[in-house]
Amino acid sequence: MSEIVVDGDPLPFVEGQTVAAALVASGRLAWRTTRVGHRPRGVFCGIGVCFDCLVTVDGARGQRACLVPARTGMTVTTREGDDE
Ligand code: FES
């Protein structure tokens with residue numbers, strides 16, 4: 001099975017899924033919080049418009065998880081926005 005690494009843990013995905021789809025399929029509905037108010041965010045629009053789903057992918061911050069196809073070995077860091 002194909003896997004990405006999310007916050008240091010392996011996460012299986014189905015070929016063709018986005019990072020967001022893999023996260024949601026694993027049961028995660030939110031993976032970061034807003035800078036103001038620390039409100040939970042995950043997928044909202046699912047089409048790259050709202051920026052709610054931001055993650056860091058292979059060190060590149062500010063990636064929209066709903067647009068990034070999952071690839072084996074990809075490293076994803078969630079909680080983006082919490083430290084800003
Ligand atoms: S869910 Fe809106 S940009 Fe990804």
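The figures that follow rest on heavy atoms only: side chains count, while hydrogens, waters and symmetry mates do not. These figures come from a predicted structure and were not determined experimentally. Start at 1 and go down the list; that is how both ligands and their atoms are numbered.
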Identity and distance of the protein heavy atom lying nearest atom 3 (S) of ligand 1: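 Minimum-distance protein heavy atom for atom 3 (S) of ligand 1 reads F51 N, 3.1 Å.
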
Identity and separation of the nearest protein heavy atom to atom 1 (S) of ligand 1: G46 N, 3.2 Å

D7 bridged to R28 by N-O distance under 4.0 Å: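 Salt bridge between D7 and R28, a charged N being under 4.0 Å from a carboxylate O: yes.
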
V49-F51 co-clustered via ILVMFWY side chain contacts under 4.5 Å: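 Hydrophobic grouping puts V49 apart from F51.
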
Same cluster (ILVMFWY, side-chain, under 4.5 Å), V76 and V14: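 No: no chain of side-chain contacts under 4.5 Å links V76 to V14.
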
N/O/S atom of C50 inside 2.8 Å of atom 4 (Fe) of ligand 1, strictly under: no

Contact flag C45/atom 4 (Fe) of ligand 1, N/O/S atoms, threshold under 2.8 Å: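 Of the N, O and S atoms in C45, none lies under 2.8 Å from atom 4 (Fe) of ligand 1, which means no.
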
W31: which of V24, V6, D52 passes side-chain contact (heavy atoms from CB on, under 4.5 Å): V24

If you count the atoms of ligand 1 from 1 in the order shown, which ones are under 4.0 Å from a heavy atom of [X]?
X   : value
V49 : 3 (S)
G48 : 3 (S)
F44 : 1 (S)

Part of L67 with heavy atoms under 4.0 Å of ligand 1, whether side chain, backbone, both or neither: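 Neither; no heavy atom under 4.0 Å.
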
Heavy-atom donor-acceptor pair, T75 side chain to D58 backbone, under 3.5 Å: no

Donor-acceptor under 3.5 Å (T56 side chain, G59 main chain): no

No-hydrogen, no-angle side-chain donor-acceptor test under 3.5 Å, E3 and T72: no

Angular separation of C66 SG and C53 SG about atom 4 (Fe) of ligand 1, given to 10°: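 Taking atom 4 (Fe) of ligand 1 as the apex, I get 110° for this pair.
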
